[in-house]
J.: 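Take this structure, written in structure tokens, and hold onto it; I'll ask about it next.
Not measured: the values here are computed from a predicted model. By convention in this document, chain letters (A, B, ...) are assigned in the order of the sequence lines, proteins followed by strands, and residues within each chain are numbered from 1.
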Number of protein chains: 2
Amino acid sequence: MARVVSLKKAKSAAVPADGREELVEIAVDLFAARGFAGTSIRDIADVAGRSVSNIYHYFENKEALWFAIFERSIKALPGQLREAIEGVEGPRERFIALVRGHLDVTEHYRREAKMFFIDEERLSPAGNRINKRVQRDILSIYVAEIEGLRRAGLLAPGDTQIAALNTLGAINWYLRWSRAGMSGPKRAEVVDQVLQFILRGVGCA
Amino acid sequence: MARVVSLKKAKSAAVPADGREELVEIAVDLFAARGFAGTSIRDIADVAGRSVSNIYHYFENKEALWFAIFERSIKALPGQLREAIEGVEGPRERFIALVRGHLDVTEHYRREAKMFFIDEERLSPAGNRINKRVQRDILSIYVAEIEGLRRAGLLAPGDTQIAALNTLGAINWYLRWSRAGMSGPKRAEVVDQVLQFILRGVGCA
DNA sequence: TCATCAATAGATCAATCGTTCTAGAGCGGG
DNA sequence: CCCGCTCTAGAACGATTGATCTATTGATGA
């Protein structure tokens with residue numbers, strides 16, 4: 001409620017259009033850049049051009065802000081990854097679909113991804129547990145698919161979990177160094193090279 | 001000075017043996033776990049069992065503590081990487097020596113590595129510049145060696161810099177998930193699998 | 001023996017932190 | 001018209017922050 005009634009504010013702004021959403025948008029920017037502990041409520045209020053108490057009108061406390069970011073982004077990631085491989089036939093094709101899906105989805109969550117694997121131990125025990133659960137969930141998806149590769153004889157020898165972690169390393173690192181502005185064929189090329197790296201490494205076996 | 005004269009304290013402690021060094025040791029622990037902004041001077045003082053002003057006796061300010069950690073660890077990394085490949089013949093052998101050397105050296109800098117690629121934008125402009133310079137330095141070493149692979153026809157097609165970034169992703173990610181306690185043949189196996197991943201990916205080309 | 005000085009603790013500073021309180025403005029339904 | 005609601009600002013709270021000041025200890029060297 002309180003959102004459905006808004007017929008008044010036909011604000012043509014890019015995305016926010018909502019006081020609460022605009023605050024989340026600013027918060028994720030600052031949290032990703034300076035970290036959770038490094039960002040004060042007043043920092044967010046200043047950027048938003050509103051008062052501190054306004055933020056507390058929408059969010060119970062600072063961590064609720066963090067949680068709102070989580071809910072609109074990373075929370076859905078495991079489900080989206082499962083969607084990406086749903087119905088795909090063949091272990092190699094499934095794995096490729098998984099990695100591609102992951103790179104595509106998180107493209108829009110770049111700041112959030114950075115936030116979440118940077119601030120690990122900095123939250124309340126509850127927040128920490130949530131964070132860890134999702135990360136474990138994602139890892140298990142990769143382990144399952146890589147297990148499929150192994151059964152098909154498509155996997156280099158070694159531990160399955162380590163292979164999954166290495167894969168996630170390449171993906172998450174990509175989110176760190178790649179620039180958000182990139183789009184179109186240029187981006188497709190880069191994503192393709194990351195995928196190729198995961199499949200065959202630098203090349204010299 | 002102030003250190004050379006110390007013949008008195010033959011403290012048999014594990015590592016510290018020096019008030020200043022003990023503080024650096026504790027600081028790197030806390031910075032890696034909670035981040036720079038998330039760790040207060042009092043946190044460090046409490047763990048060390050000393051007073052706040054004692055810390056300020058050794059360090060001008062909080063960032064000087066960060067800088068001391070940098071100076072005894074990551075600062076030397078580019079030089080150590082260059083050492084690791086010095087005199088090695090053959091582009092493939094050089095690249096392998098580089099990755100292995102990197103994994104070996106940073107094994108002892110696990111916390112520091114985490115600290116430095118987590119706290120990016122959280123420092124003064126000066127600290128930020130130092131951080132970025134080292135990271136660029138390391139990247140250039142990888143680019144040069146991968147360029148060597150390319151000339152020898154040992155590289156998969158694609159951009160050299162992206163290949164270097166992917167490689168660093170696997171390495172830095174390893175530092176995140178691997179446990180410090182591991183040693184001996186078990187660790188060698190894991191390191192080997194990370195190297196193999198960098199060379200040939202998960203296996204299914 | 002005494003002056004010096006590194007090393008320590010404790011009190012204290014102004015600033016900032018997360019958070020709460022009070023209150024006004026604008027709007028809709030009765 | 002006024003009641004109640006959402007949205008907003010500003011002042012203020014106690015706690016914590018990075019940093020400083022003052023003072024005491026104990027050892028070293030003259």
J.: Does the plane of the ring in B/Phe197 sit parallel, tilted or perpendicular to the ring in A/Phe197? Use 30° and 60° as the thresholds.
T.: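 Answer is perpendicular, since the angle exceeds 60°.
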J.: Looking only at side-chain N and O atoms, does A/His57 come under 4.0 Å of OP1 or OP2 in D/dT8?
T.: no
J.: May I have the distance from A/Arg34 (atom CZ) to C/dT16 (atom P), rounded to whole angstrom?
T.: 14 Å
J.: Taking atom types as modelled, is there a side-chain donor on A/Glu21 or A/Tyr58 under 3.5 Å from an acceptor on the other?
T.: no
J.: For DNA chain D, whose closest nucleotide is more 5', that of A/Arg42 or that of B/Lys62?
T.: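 Nearest-nucleotide comparison on DNA chain D picks A/Arg42.
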J.: What is the nucleic acid contact for A/Gly49, judged by heavy atoms within less than 4.0 Å: base, sugar-phosphate only, or nothing?
T.: sugar-phosphate
J.: For D/dA9 and A/Tyr56 - does any side-chain N or O of the residue sit under 4.0 Å from the phosphate oxygens OP1/OP2?
T.: no
J.: On a plain distance test, is the side chain of A/Ser53 in donor-acceptor contact with the base of D/dG10 below 3.5 Å?
T.: yes
J.: Between D/dT17, C/dT8, C/dT19, which one does the side chain of B/Tyr58 approach most closely?
T.: C/dT8
J.: Looking at B/Gln161, I'd like to know if its CD atom is crowded, meaning that more than 12 non-hydrogen atoms belonging to other residues, nucleotides or ligands lie closer than 6.0 Å.
T.: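 No, not enclosed.
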J.: How would you label the contact of A/Arg50 with the nucleic acid (heavy atoms, under 4.0 Å): base, sugar-phosphate, or nothing?
T.: sugar-phosphate
J.: How far apart are the C-alpha atoms of A/Arg110 and A/Ser178, what are their side-chain angles, what is the distance that settles it, and do they pass the side-chain hydrogen bond (donor to acceptor under 3.5 Å, both in side chains) test?
T.: CA-CA 9 Å; A/Arg110 196 186 305 269; A/Ser178 76; 2.3 Å; yes
J.: When you check the phosphate oxygens OP1 and OP2 of D/dT17, does a side-chain N or O of B/Ser40 lie under 4.0 Å from one of them?
T.: yes
J.: So, OP1 or OP2 of C/dA9: does either fall under 4.0 Å of a side-chain N or O from B/Asn54?
T.: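 Result: yes.
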